[in-house]
Amino acid sequence: MSIRFDHSTPGDATLTVLGVETSCDETAAAVVRLDPDGRAEVLSSVVLSQIDQHAPFGGVVPEIAARAHVETIEAIVAGALAEANTPAEMLDGVAATAGPGLVGGVMVGLAFAKAMALALGKPLVAVNHLEGHAVSARLAGEAAYPFLLLLVSGGHCQLLEVRGIGDCRRLGSTIDDAAGEAFDKIGGALGLAYPAGPALERLAQGGDPERFALPRALLGRPGCDFSFSGLKTAAARIAQDLTSEADRRDLAAAAQAAIARQLAERTARAMDAYAERNDPACRRLVVAGGVAANGAIREALQDLARQRGFSFSAPPLAYCTDNGAMIALAGAERLVAGLIDDLDAEARPRWPLDEDAARRAPTHTPGRKGAKA
Ligand code: KG4
Ligand code: ZN
């Protein structure tokens, strides 16, 4: 049965929206206020990491994740509303991640949001997690549309032209692993706990990035796709024979530099494609997703943006990794655009931002459930 409320959102209203995020190993909720002029204010953001429960397994275990979301979602949402000093009745809408991600976890957050929307008589917004990352720099008042987005997380590595809410065009994507996956696997080979990105960044400090030569995948190749599996395998093999802490530091520095170099090189190509089209509006580069927390990567992209005459924005560190605030903001922007979902909206394990591009050129074998990203 499809239940749909008819909510019209006046364009001059300030909207207060709850965002719920449960697509991976963080149970998160936040309340965001969006002004009529498009300015966002985060009233609260609560994130509970399940990492301790997954760490013994070296990665996220879907069943453990889903169960942990069930156990904590109510308290996390209540905490976000209390911290924002916002009774649920005051909300203008309830947004939740509806995919892509681990479907058991996505179902928990989405079902919770549906129940709230139904009980409160408020509109539901089913948000694409990647769209949440895409708008995350806007939480800090940066990144006016349109912008070129490098989305780098544990599960995704894509270059997208973001023209507005719900309007993305994919320029490139990884043909194998995501950048965060490379950090996690190489870090794991160096004995760092999952997720290894932040620890690898710390280990790389003071290391010599020139000491080990690592493969430079796709260097000079046309297009904006990425590939990290060769680099990951080569670095993991070298890691096996290392004995000293200095060796480990050097390899961490080399791997981080190689990832940063590839991200910058492919992003430069996407920028050139813009320049060729001669669209003076497209002079903004945004990096988002967990890997955007990495200082060396931010620096490499900032340098590149300066060289190419682009502005550069990245979300505050707290909004790089998964959080509810980015889902609340995407939900609020969707509400303004009248993009409201039915209460029978489905949880989607796979859900590309640019569905046309994913159908035309799937980067992963689509399988029965459709293109992944
Ligand atoms: O966006 P996110 O929280 O989850 C996904 O949607 O995938 O990203 C998590 C990923 C992990 O692979 C983690 O190792 C990586 O982001 N990460 C980092 C850093 N902080 C998080 N990678 C490199 N340097 C960091 N400082
Ligand atoms: Zn994410």
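Read the numbers this way: they start at 1 and go in the same order the structure lists the ligands and their atoms.
Two residues are said to be in side-chain contact when any heavy atoms from C-beta on lie closer than 4.5 Å; Leu148 and Val286 fail this criterion. Between Leu48 and Glu26, every side-chain heavy-atom pair lies at or beyond the 4.5 Å cut-off. Residues Tyr319 and His133 are not in side-chain contact: their nearest non-hydrogen atoms beyond the backbone lie 4.5 Å or more apart. Residues Val94 and Phe112 have side chains not in contact (no heavy-atom distance under 4.5 Å, counting atoms from C-beta outward). Side-chain contact between Leu190 and Leu242 is present, with at least one heavy-atom pair separated by less than 4.5 Å.
Among the backbone and side-chain atoms of His156, none of the N, O or S atoms lies under 2.8 Å from the Zn ion (ligand 2).
Within the structure, ligand 1 lacks Cys24 among the residues with a heavy atom less than 4.0 angstrom away. Put simply, part of His129 is less than 4.0 Å from ligand 1, judged by heavy atoms. The closest approach between His133 and ligand 1 falls below 4.0 Å for a heavy atom of the residue.
Short contacts between ligand 1 and Gly180, defined as distances under 4.0 Å to a heavy atom of the residue, involve ligand atoms 12 (O). The Asp184 neighbourhood of ligand 1 comprises atoms 11 (C), 12 (O), 13 (C), 14 (O), with distances under 4.0 Å to a heavy atom of that residue. Annotation for ligand 1: atoms under 4.0 Å from non-hydrogen atoms of Gly155 are 7 (O).
Across Val20 and Ile327, no two heavy atoms sit closer than the pair O-CG2, 3.7 Å.
Among the heteroatoms counted here (N, O or S) of Asp322, OD1 is the one nearest to the Zn ion (ligand 2). The atom name of the N/O/S atom in His129 closest to the Zn ion (ligand 2) is NE2.
Salt-bridge formation is detected for the pair Asp177/Lys232: a Lys NZ or Arg NE/NH1/NH2 atom is positioned less than 4.0 Å from an Asp or Glu carboxylate oxygen. A salt bridge links Arg348 with Glu355: the closest approach of a Lys/Arg side-chain nitrogen to an acidic carboxylate oxygen falls below 4.0 angstrom. Salt bridge Arg39/Glu41: absent, no basic N to carboxylate O contact under 4.0 Å.
At the shortest separation from atom 22 (N) of ligand 1 among protein heavy atoms lies Gly197 CA, 3.4 Å. For atom 24 (N) of ligand 1, the closest non-hydrogen atom of the protein is Asn294 ND2, 3.1 Å. Here the heavy atom of the protein found nearest to atom 17 (N) of ligand 1 is Gly290 O, 3.5 Å. Shortest contact from atom 9 (C) of ligand 1 to any protein heavy atom: Gly154 N, 3.7 Å. At the shortest separation from atom 26 (N) of ligand 1 among protein heavy atoms lies Glu201 OE1, 2.8 Å.
In terms of polar-atom proximity, Asp322 is counted as a contact of ligand 1, with an N or O under 3.5 Å from an N or O of the ligand. Between Phe183 and ligand 1, not a single N/O pair is under 3.5 Å apart.
Checked against a 6.0 Å centroid threshold, the rings of Tyr145 and Phe147 count as neighbours.
With a 4.0 Å cut-off on non-hydrogen atoms, Thr321 touches ligand 1 through its backbone as well as its side chain.
A donor-acceptor contact shorter than 3.5 Å links the side chain of Gln262 to the backbone of Ser227.
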